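What you see is a predicted model; the values in this text were computed from it and never measured. Values below: every heavy atom of this structure, side chains too, minus hydrogens, waters and symmetry copies.
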Amino acid sequence: MRGVLWYVLLGLLSTQLTLAQTDSLYLDSAHKYLRLNSVSTDRQYARVPAKAVMLGSRKAMGDYLNALIPLNGDTLTIRGLEDLGLKKPGLFCMHLGYRHHSDSLRLYAQVLRYERSKAPVGFSFKCEEDCQSSTADGLEVSGAMAVGSDIYSCNDSLLAWKLGTHPVPEIEPAYGSGTDSLARELSVAMTTNSGSTSASDCTIRLFALINAEGKIGVVHLLESVDNVQLRCAQELLSAIGHLKAPWNPATSKHRAVNCYIRLDIHRDANGVKILSSTLKKE
């Protein structure tokens, strides 16, 4: 009898621990976006039944999809949900597509077991600021989409962590006549859009897609900022996502390719400065 009571008590404690940890599993207080911390290095992760993402509940399937950022710059759509429980209890297949691309894909989820989730190859993942309704419009700029299916990324450890491993272009993207012109145009754009330069100082690190046509899209924070810097970060991302001058796309084997870049930007009352970037060296 003592052994039975011990196992019942252990089960109750385990349930309480799971409930107490729920907030840490999500990016938002409403529990709509799962917290993902990396991109899987396994190309079959979530793509085949044997390597389904372990989500622990049916609700978490939608929360998982909400946390993903497609690297092609498009928006995921759900085309169907297939219960494969007769073959393997708790297994589901999520039939997905894109709003603009004709491509389709399947991601597999296991709802009876939980493990810390990752993003599958071909996706990145959101941070807290992407999920805050009051700032999401400025901290998540969609913009241009990838041209074709090939995705490259500049050689950078932070980009590899956020995007997974991708081919490195022979020549990196560039902006106009260089980073100085980029900083000047951002300063002008932010002053014009906000009407002043009174927003608090901020330093942000972002990633963005420069597609093969020289257009920018998928502009997101690479690292979180504190509450004091939110407004400034919002204005910076909005401004960079709407720059008029063309970007020079990355090239590989003498052809333009889609490529992700990293930008570290500081903004204060004196204007904008590019602290570091993976753009082509001037």
Tyr98 and side-chain contact (heavy atoms from CB on, under 4.5 Å): which partner among Thr77, Thr75, Leu76?
->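 For Tyr98, the side-chain contact (heavy atoms from CB on, under 4.5 Å) test succeeds with only one of Thr77, Thr75, Leu76, which is Leu76.
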From [X] [atom1] over to [Y] [atom2], what is the distance, rounded to the nearest 0.5 angstrom?
| X | Y | atom1 | atom2 | result |
| --- | --- | --- | --- | --- |
| Ser187 | Leu182 | OG | CG | 9.5 Å |
| Ile171 | His254 | CD1 | NE2 | 8.5 Å |
| Lys118 | Met54 | NZ | CE | 12.5 Å |
| Ile210 | Ile216 | CD1 | CD1 | 4.0 Å |
| Asp103 | Leu96 | CG | CG | 12.0 Å |
| Leu34 | Asn66 | CG | CG | 8.5 Å |

Just wondering, do [Y] and [X] contact through their side chains at under 4.5 Å, heavy atoms?
| X | Y | answer |
| --- | --- | --- |
| Leu55 | Met61 | yes |
| Tyr260 | Thr278 | no |
| Arg47 | Leu105 | yes |
| Ser104 | Arg79 | yes |
| Ile78 | Met94 | no |
| Val225 | Cys202 | no |
| Pro120 | Leu68 | yes |
| Leu163 | Leu71 | yes |

Looking only at heavy atoms, which two atoms of [X] and [Y] are closest? And how far apart?
| X | Y | answer |
| --- | --- | --- |
| Ser277 | Thr179 | OG-CG2, 4.0 Å |
| Ala52 | Gln110 | CB-N, 4.0 Å |
| Asn211 | Ala144 | ND2-CB, 3.6 Å |
| Ala183 | Val272 | CB-O, 3.4 Å |
| Asp201 | Cys232 | C-SG, 4.0 Å |
| Tyr45 | Ser117 | OH-CA, 3.7 Å |

If you count the non-hydrogen atoms of other residues, nucleotides and ligands that lie under 6.0 Å from CZ in Arg43, is the total more than 12?
->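 Open.
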Within 6.0 Å of CG in Asn155, more than 12 heavy atoms from elsewhere |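 No, not enclosed.
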Looking at [X] and [Y], would you say the former's side chain and the latter's main chain have a donor-acceptor pair under 3.5 Å?
| X | Y | result |
| --- | --- | --- |
| Trp247 | Glu213 | no |
| Asn72 | Ala146 | no |
| Asn258 | Ile151 | no |
| Lys162 | Phe125 | yes |
| Asp74 | His101 | yes |
| Glu170 | Ala250 | no |

Walk me through it: do Leu279 and Ile274 pass the test side-chain contact (heavy atoms from CB on, under 4.5 Å)?
-> CA-CA 11 Å; Leu279 295 173; Ile274 309 299; 6.0 Å; no
Single-linkage hydrophobic cluster, 4.5 Å side-chain cutoff, [X] and [Y] together:
| X | Y | result |
| --- | --- | --- |
| Trp161 | Val39 | yes |
| Tyr108 | Tyr114 | no |
| Phe123 | Leu65 | yes |

Once the angle between the rings of Phe207 and His220 is folded into 0 to 90°, is it parallel (under 30°), tilted (30 to 60°) or perpendicular (over 60°)?
->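 Phe207 and His220: parallel rings.
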Is the gap between the SG atoms of Cys259 and Cys154 under 2.5 Å?
->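 With an SG-SG separation of 2.5 Å or more, Cys259 and Cys154 do not form a disulfide.
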Give a yes or no on whether a salt bridge exists between Glu235 and Arg267, defined as a side-chain N under 4.0 angstrom from a carboxylate O.
->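 Yes, this pair counts.
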Could you list the residues that satisfy salt bridge (charged side-chain N to carboxylate O under 4.0 Å, His left out) with Asp264, not counting sequence neighbours?
->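 Only Arg205, Arg262 meet the salt bridge (charged side-chain N to carboxylate O under 4.0 Å, His left out) criterion with Asp264.
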Output, in order, the C-alpha distance, side-chain angles, deciding distance and verdict of side-chain contact (heavy atoms from CB on, under 4.5 Å) for Arg255 and Asp150.
-> CA-CA 12 Å; Arg255 68 182 180 92; Asp150 292 338; 3.2 Å; yes
Side chain to side chain contact (heavy atoms under 4.5 Å, CB included) partners for Ser57, two or more places apart |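 Testing Ser57 for side chain to side chain contact (heavy atoms under 4.5 Å, CB included), a comparison that skips the adjacent residues, returns Lys59, Ala60.
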